[in-house]
Amino acid sequence: MIEKIKHLLSEAENLQAHNAEELESLRLKYLSKKGLVNQLMADFRNVPAEQKREVGILINRAKDALTARFADLKAALATTDDDHSDLDLTRTPYPIRLGTRHPLSIVTHEIVDIFSRMGFTLADGPEVEDDWHVFGAMNFAEDHPARDMQDTFFIESHPDVLLRTHTSSVQSRVMEQNQPPIRVICPGRVYRNEAISARAHCFFHQVEGLYIDRDVSFTDLKQVLLTFAREMFGPDTRIRLRPSYFPFTEPSAEMDISCNICGGEGCAFCKHTGWVEILGCGMVDPNVLEANGIDPNVYKGYAFGMGIERITNLKYQVKDLRLFSENDVRFLEEFMAAN
């Protein structure tokens, strides 16, 4: 018994482990419940009485020696794992491919920033909407073509629920919940049942603005849009307003800007007209105000809306709308300098 313990002490002094797995295996062999030390303790009851004191001291010495040895080996392995002496601290950081904001996000943030500086606050709403907020509250007649399945994605099991076709639904919710003065900008994704091509997509992005207060005029609208155009496309940008029709505004207009490619001289981009259409606008129809709980005899307002893809096309000359949703890294990396 004494010889066996002395042999164990000798082994403890020479134990080696090259990794954590080897160290754990040795610990289980010597110090676990079924290990060699516990076996010696189990055999201790068979030791003659006159040897018990000597054997007990040797067993404790062996256990302490093994415990200390395992602690030393563990510390040595930890030091090896944390050893960074082979690192060249003068080397430049290893290359990491940085991401970039999407071009639509870049333009959206720029549009929101411009209108925020003119006093507009940000408003948001659900993309899955009900018929009232998308159409009814916006003065769309029951037989309006926009309600047809060719233009709108309706939820089959809920015919009054649909994917919003414009962010005007956000304006409706704002008017329901607030009394004038109201001055909001509403960016977001919208959906229409259209064939996907270079010029059209089944989803795209809009920014719409709404201002309602006492004594609001078309002149106010024109000045806000002129300021926006010059902030977005340059101080020499000119605008023109052409009569148009929208169910939710009266009078209504479409706004063109002088071509930012040729400066209004005429080129292939503007089809040699010198002008490029960018948004629709108008004075809020009194029926819309009344439908949303605002007295049209007291308050007036204007609204405008533009496609973010359209503005991005003008700003960066991206001619294929599909590029915006394909997530081609090569395409996105072209906008890294704009971040």
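Because only heavy atoms are used, hydrogens play no part in the values below, and waters and symmetry mates are left out as well, while side chains stay in. Position 1 is the first residue of the sequence; numbering continues from there.
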Donor-acceptor pairs under 3.5 Å, side chain of residues 222-236 to any protein atom, not counting sequence neighbours: which ones?
{"residue": "T227", "atom": "OG1", "partner": "Q223", "partner atom": "O", "Å": "2.9"}
{"residue": "R230", "atom": "NE", "partner": "T237", "partner atom": "O", "Å": "3.0"}
{"residue": "E231", "atom": "OE1", "partner": "R117", "partner atom": "NH1", "Å": "3.4"}

- Heavy-atom pair of closest approach, residues T273 and C270: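 Closest heavy-atom pair between T273 and C270: OG1-O, 2.7 Å.
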- Message: Show the nearest heavy-atom pair for residues A303 and L210, with the distance to one decimal.
- Response: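 Of all heavy-atom pairs spanning A303 and L210, the closest is CB-CD1, 4.2 Å.
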Would you tabulate the side-chain donor-acceptor contacts of residues 284-293 under 3.5 Å, counting partners in other chains and residues two or more places apart, or write 'none'?
{"residue": "D285", "atom": "OD1", "partner": "N287", "partner atom": "N", "Å": "2.8"}
{"residue": "D285", "atom": "OD1", "partner": "N287", "partner atom": "ND2", "Å": "3.4"}
{"residue": "N292", "atom": "OD1", "partner": "S172", "partner atom": "OG", "Å": "2.8"}
{"residue": "N292", "atom": "ND2", "partner": "A137", "partner atom": "O", "Å": "3.2"}
{"residue": "N292", "atom": "ND2", "partner": "V288", "partner atom": "O", "Å": "2.8"}

In chain order, what residues pass the side chain to side chain donor-acceptor pair (under 3.5 Å) check against [X], with sequence neighbours excluded?
| X | result |
| --- | --- |
| T312 | none |
| R330 | D328 |
| Q206 | none |
| E22 | H18 |

- Task: Using the test side chain to side chain contact (heavy atoms under 4.5 Å, CB included), find all partners of T67 that sit at least two apart in sequence or belong to another chain.
- Result: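 If we apply the side chain to side chain contact (heavy atoms under 4.5 Å, CB included) test to T67, skipping adjacent residues, the hits are L31, K63.
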Just jot down the salt bridge (charged side-chain N to carboxylate O under 4.0 Å, His left out) partners of [X], sequence neighbours excluded, or say none.
| X | result |
| --- | --- |
| D160 | none |
| R310 | none |
| D320 | R322 |
| E309 | none |

- Task: Among Y211, F218, F248, find the one that has a ring-ring contact (aromatic ring centres under 6.0 Å, His included) with Y302.
- Result: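 By the ring-ring contact (aromatic ring centres under 6.0 Å, His included) criterion, Y302 pairs with just one of Y211, F218, F248: Y211.
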- Task: Hey, could you give me each pair passing ring pair (Phe, Tyr, Trp, His ring centres under 6.0 Å) that has a residue in residues 183-205? Not counting sequence neighbours.
- Result: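 Every pair satisfying ring pair (Phe, Tyr, Trp, His ring centres under 6.0 Å) with a residue in residues 183-205: H201-F203.
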- Query: Is a side-chain N or O of E208 found less than 3.5 angstrom from the main chain of T167, in a donor-acceptor match?
  - Reply: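 Between the backbone of T167 and the side chain of E208 there is a qualifying donor-acceptor contact (under 3.5 Å).
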- Query: Between E277 and L279, is there a donor-acceptor pair closer than 3.5 Å when you use the side chain of the first and the backbone of the second?
  - Reply: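 Here the side-chain-to-backbone pair exists.
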- Is the NZ or CZ atom of R214 positioned over Y299's six-membered ring, under 6.0 angstrom from the centre and within 45° of the axis?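 The answer is yes; both the distance and angle limits are met.
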- Query: What do you reckon, are the aromatic ring centroids of F140 and H166 less than 6.0 Å apart?
  - Reply: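 Yes: the rings meet the under 6.0 Å criterion.
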